[in-house]
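Notes follow the structure.
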There are 2 protein chains.
Amino acid sequence: MISKSCKYAIRAALYIASKIDEKVKLSVKEIAFEIDAPEAFTAKILQNLTRHKIIFSTKGPYGGFYVEQSNLKIPLINIVNAIDGLSIFEDCGIGLQECSDIHPCPFHNDYKVIRNGILSIYTNNTIGKFSKELMSGETFLKSI
Amino acid sequence: MISKSCKYAIRAALYIASKIDEKVKLSVKEIAFEIDAPEAFTAKILQNLTRHKIIFSTKGPYGGFYVEQSNLKIPLINIVNAIDGLSIFEDCGIGLQECSDIHPCPFHNDYKVIRNGILSIYTNNTIGKFSKELMSGETFLKSI
DNA sequence: TTTATAAAGGATATATATATCCGTTTTGGT
DNA sequence: ACCAAAACGGATATATATATCCTTTATAAA
Ligand code: FES
Ligand code: FES
């Protein structure tokens, strides 16, 4: 469904948000390490998130990536939109050019339910909600 | 989730099954046209399905691809397994190396529900069920 | 037995996604 | 003013998925 890049993006944004209280800017190097992603590629993704104002950045010494309180209200669907776009939520489950109620594929009814379920996960959860779970140690961003 | 190849495979298998009553073997050319897929690539996928005994084929004049009644009982998950494998149903929603109940990512609980829902669609529907819907004109394998 | 037909299979090509590299720009500290 | 740190941005490389091409093999009919 969502691309590998988008998964990195979500992990990165959540990691940065989970450090909001430390009031320190994070380097690409640290972020990439903490989310278990390649460094140079993570850099590209962070640039993208910055352009979309999902996170902030400053250059130079003591610079890096960070979020403000306002960013915590952003739903995760905004990240998906920034990286993959939203058309994935309109695609047919077995690749017909158009997903349509009046010209449906055999999966259509079942698939629509699932697809909307996925959309809901991204829409109903914010960066703040998930980053809070990370802070408390309930959830994690990389495997052991 | 599933690959483009897998979507072609499902469309192809369902198309062939939907023609079971005509008692005629179908060529790659016809199948590819009817499911709106590239011909040479469809050929590869059909070979794969044949090797996995999801469909049958015979070479030579009047040869082609076909299914028997017994194939109609095959659930769609078998096609997914043949093309993509089943590991996709164990993957983490945001790409952690392991999806784990005791070391979960922030999406884990929600994602597991969705992922099992998708698995159910493939497990609970057979080639026969969906091909019957195609025969009756309720559903379609390519866009208008 | 010859011929035509159609799938099988191996080799290769193209497209897309993922990943890296390196010079440029910005910025804070000295 | 100068230097060092760190993100930015463009170019390039690699990996994977998708797609094509061509030769071989099997089969049915004449
Ligand atoms: S037409 Fe296939 S999912 Fe809607
Ligand atoms: S750990 Fe991410 S979905 Fe299970």
Result block: side-chain N/O donor-acceptor pairs under 3.5 angstrom for residues 65-89 of chain A, not counting sequence neighbours:
residue : atom : partner : partner atom : Å
A/Asp84 : OD1  : A/Ser3  : OG           : 2.7
A/Asp84 : OD2  : A/Ser3  : N            : 2.8
A/Asp84 : OD2  : A/Ser3  : OG           : 3.3

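Within a heavy-atom distance below 4.0 Å of DNA chain C, the residues of residues 37-65 of chain A found are A/Pro38, A/Ala40, A/Phe41, A/Lys44, A/Lys59, A/Gly60, A/Pro61, A/Tyr62. Shown for residues 13-28 of chain B: residues whose heavy atoms fall under 4.0 angstrom of DNA chain C, namely B/Leu26, B/Ser27, B/Val28. Within residues 81-92 of chain B, no residue has any heavy atom under 4.0 Å from DNA chain C.
We find the SG-NZ distance between A/Cys99 and A/Lys112 to be 7.0 Å, quoted to the nearest 0.5 Å. From A/Leu134, atom CG reaches atom NZ of A/Lys129 across 12.5 Å, with rounding to the nearest 0.5 Å. How far CD1 of A/Ile94 is from NZ of B/Lys7: 9.5 Å, rounded to the nearest 0.5 Å. Expressed to the nearest 0.5 Å, how far OH of B/Tyr122 lies from SG of B/Cys6 amounts to 6.5 Å. Note that the CD1 atom of B/Ile54 and the OG1 atom of B/Thr50 stand 9.0 Å from one another [nearest 0.5 Å].
Checked by atom type and distance alone, the side chain of B/Ser143 pairs as donor or acceptor with a backbone atom of A/Gln97 at under 3.5 Å.
B/Cys92 approaches B/Cys105 most closely through the heavy-atom pair SG-SG, 3.7 Å.
Between A/Tyr8 and A/Tyr15, the distance separating the two ring centers is not shorter than 6.0 angstrom.
The footprint of chain B on DNA chain C, defined by a heavy-atom cutoff below 4.0 Å, extends from C/dA4 to C/dA11.
You'll find the side chain of B/Pro104 reaches within 4.5 Å of the side chain of A/Phe140, heavy atoms only.
A cation-pi contact links B/Lys142 to B/Phe33, judged by a cut-off of 6.0 Å to the six-membered ring centre and 45° from its axis.
Donor-acceptor pairing under 3.5 Å is lacking for the side chains of B/Ser100 and B/Glu98.
Neither B/Tyr62 nor B/Phe56 shares a network with the other; the hydrophobic side chains, linked directly or stepwise wherever heavy atoms of I, L, V, M, F, W or Y lie under 4.5 Å apart, form separate groups for each.
Each end of the helix from C/dT1-D/dA30 to C/dT30-D/dA1 gets its own axis from five base pairs, and the two axes differ in direction by 0°, given to 10 degrees.
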Exercise. In sequence, state the C-alpha distance, the side-chain angles, and the governing distance for A/Ser5 and A/Phe41, and then conclude on side chain to side chain contact (heavy atoms under 4.5 Å, CB included).
Key: CA-CA 9 Å; A/Ser5 300; A/Phe41 195 58; 3.3 Å; yes

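B/Asp91 has no carboxylate O lying under 4.0 Å from a charged side-chain N of B/Arg115, or vice versa, which leaves the two without a salt bridge.
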